[in-house]
Amino acid sequence: MIRPATEGDVPGLLAMIGQLAEFEDLSDQVVCTEDDLRHALFGPGAVVHDTVAVADDGTLAGHALWFRTFSTFLGRTGIWLEDLYVHPAHRRQGYAGALMSALRAETSGRVEWEVLEWNDEAIGFYQRLGARPMTGWTKYRWTSGPQP
């Protein structure tokens with residue numbers, strides 16, 4: 001079953017965020033707490049969404065954390081997929097495809113995301129969906145704190 005996340009899902013969502021960070025060798029960058037995630041998803045002015053895949057036994061099989069974007073060229077909203085994660089025990093059972101289909105159904109605009117260059121399994125999955133990498137664009141990041 002695919003459904004919007006609820007506040008009761010927050011501990012499981014944070015655990016999956018940690019597992020994804022571990023897989024990506026980025027665990028040292030995770031500082032998000034349950035309170036941070038709860039506020040971002042369900043607090044006043046929340047702009048982040050999470051769609052979850054629930055296994056037959058009621059456990060969270062995976063999730064897609066996302067937010068709305070806007071394309072001035074298209075004149076419509078789209079979706080930025082921040083995280084897509086399916087527990088290893090639930091992979092190859094259709095959950096990732098179902099989550100992506102649910103996001104596609106949320107907008108007639110773009111669904112966009114990033115994938116690590118070394119993650120061949122994810123790249124293959126996305127390409128089987130019909131997604132293609134963007135060429136000619138360079139990613140920038142501006143963080144808070146001291147600047148050079």
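Bear in mind the structure is a predicted one, so any value in this text is a computation, not a measurement.
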Could you tell me which non-hydrogen atom of Pro11 sits nearest to which non-hydrogen atom of Gly8, and how far apart they are? CD-O, 3.6 Å
Suppose the criterion is ring pair (Phe, Tyr, Trp, His ring centres under 6.0 Å): which pairs have a residue in residues 101-121, not counting sequence neighbours? Phe23-Trp118, Trp113-Tyr126
On a heavy-atom basis, which atom in Val30 and which in Ala21 lie closest, and how many Å separate them? CG2-CB, 3.3 Å
With a 4.5 Å heavy-atom cut-off, do His63 and Thr51 have their side chains touching? no
According to a 4.5 Å side-chain heavy-atom criterion applied to Ile, Leu, Val, Met, Phe, Trp and Tyr, with indirect links allowed, do Val115 and Phe125 form part of one hydrophobic cluster? yes
Consider only side-chain N and O atoms of Asp57 and Thr59, and report whether a donor and an acceptor are under 3.5 Å apart. yes
Side chain to side chain contact (heavy atoms under 4.5 Å, CB included) filter on Thr107, not counting sequence neighbours, yields Arg68, Thr77, Ile79, Arg104, Val111
Nearest 0.5 Å please: distance from the CZ atom of Arg132 over to the CD atom of Gln127. 5.0 Å
Answer with yes or no whether the hydrophobic clustering places Val48 together with Leu60; edges join I, L, V, M, F, W, Y residues whose side-chain heavy atoms lie under 4.5 Å apart. yes
Connected via hydrophobic side-chain network under 4.5 Å: Leu129 and Ile2: yes
Is the number of heavy atoms from other residues, nucleotides or ligands under 6.0 Å of Glu22 CD greater than 12? no
Side-chain heavy atoms under 4.5 angstrom apart, residues restricted to Ile, Leu, Val, Met, Phe, Trp, Tyr: same cluster for Ile123 and Met100? yes
Taking the side chain as every heavy atom from C-beta outward, state whether Glu82 and Glu114 have any atom pair closer than 4.5 Å. no
Before you tell me yes or no, could you show the steps for Leu65 and Leu13 under side chain to side chain contact (heavy atoms under 4.5 Å, CB included), namely the whole-Å CA-CA distance, both residues' side-chain angles and the distance that decides it to 0.1 Å? CA-CA 9 Å; Leu65 189 132; Leu13 295 173; over 6 Å; no
With sequence neighbours left out, which residue pairs that include part of residues 88-100 fulfil the side chain to side chain donor-acceptor pair (under 3.5 Å) condition? Arg92-Glu121
Yes or no on side chain to side chain contact (heavy atoms under 4.5 Å, CB included) for Ile17 and Leu37, after CA distance, side-chain angles and deciding distance? CA-CA 10 Å; Ile17 290 168; Leu37 191 56; 4.0 Å; yes
To the nearest 0.5 Å, how far apart are CG in Leu103 and CG in Leu84? 8.0 Å
Ala5 and Val52: which non-hydrogen atoms are nearest, and at how many Å? CB-CG1, 3.9 Å
Taking all non-hydrogen atoms of both residues, which atom of Val10 and which atom of Phe42 are closest, and how far apart? CG2-CE1, 3.9 Å
Please indicate whether Asp56 has more than 12 foreign heavy atoms, meaning atoms of other residues, nucleotides or ligands, lying under 6.0 Å from its CG. no
Please report the interatomic distance CG(Asp83) to CG(Leu99), rounded to the nearest 0.5 Å. 12.0 Å
Would you say Phe70 ends up clustered with Trp80 if hydrophobic residues are merged whenever their side chains have heavy atoms under 4.5 Å apart, either directly or through other cluster members? no
How far apart are the C-alpha atoms of Arg76 and Ser108, what are their side-chain angles, what is the distance that settles it, and do they pass the side chain to side chain contact (heavy atoms under 4.5 Å, CB included) test? CA-CA 8 Å; Arg76 61 182 63 157; Ser108 62; 3.5 Å; yes
In sequence, state the C-alpha distance, the side-chain angles, and the governing distance for Asp9 and Arg3, and then conclude on salt bridge (charged side-chain N to carboxylate O under 4.0 Å, His left out). CA-CA 11 Å; Asp9 295 325; Arg3 64 166 172 78; 2.7 Å; yes
Verify whether one side chain among His49 and Glu106 offers a donor that lies under 3.5 Å from an acceptor in the other. no
So which heavy atom on Leu14 is nearest to which on Cys32, and how close? CD1-O, 3.6 Å
Using a 3.5 Å distance criterion without hydrogens, assess whether the side chain of Arg38 forms a donor-acceptor pair with backbone atoms of Gly43. no
Test log, rule side chain to side chain contact (heavy atoms under 4.5 Å, CB included), inputs Trp66 and Asp50: CA-CA 6 Å; Trp66 57 278; Asp50 208 310; 5.8 Å; no
On a heavy-atom basis, which atom in Ala46 and which in Ala40 lie closest, and how many Å separate them? CB-O, 3.2 Å
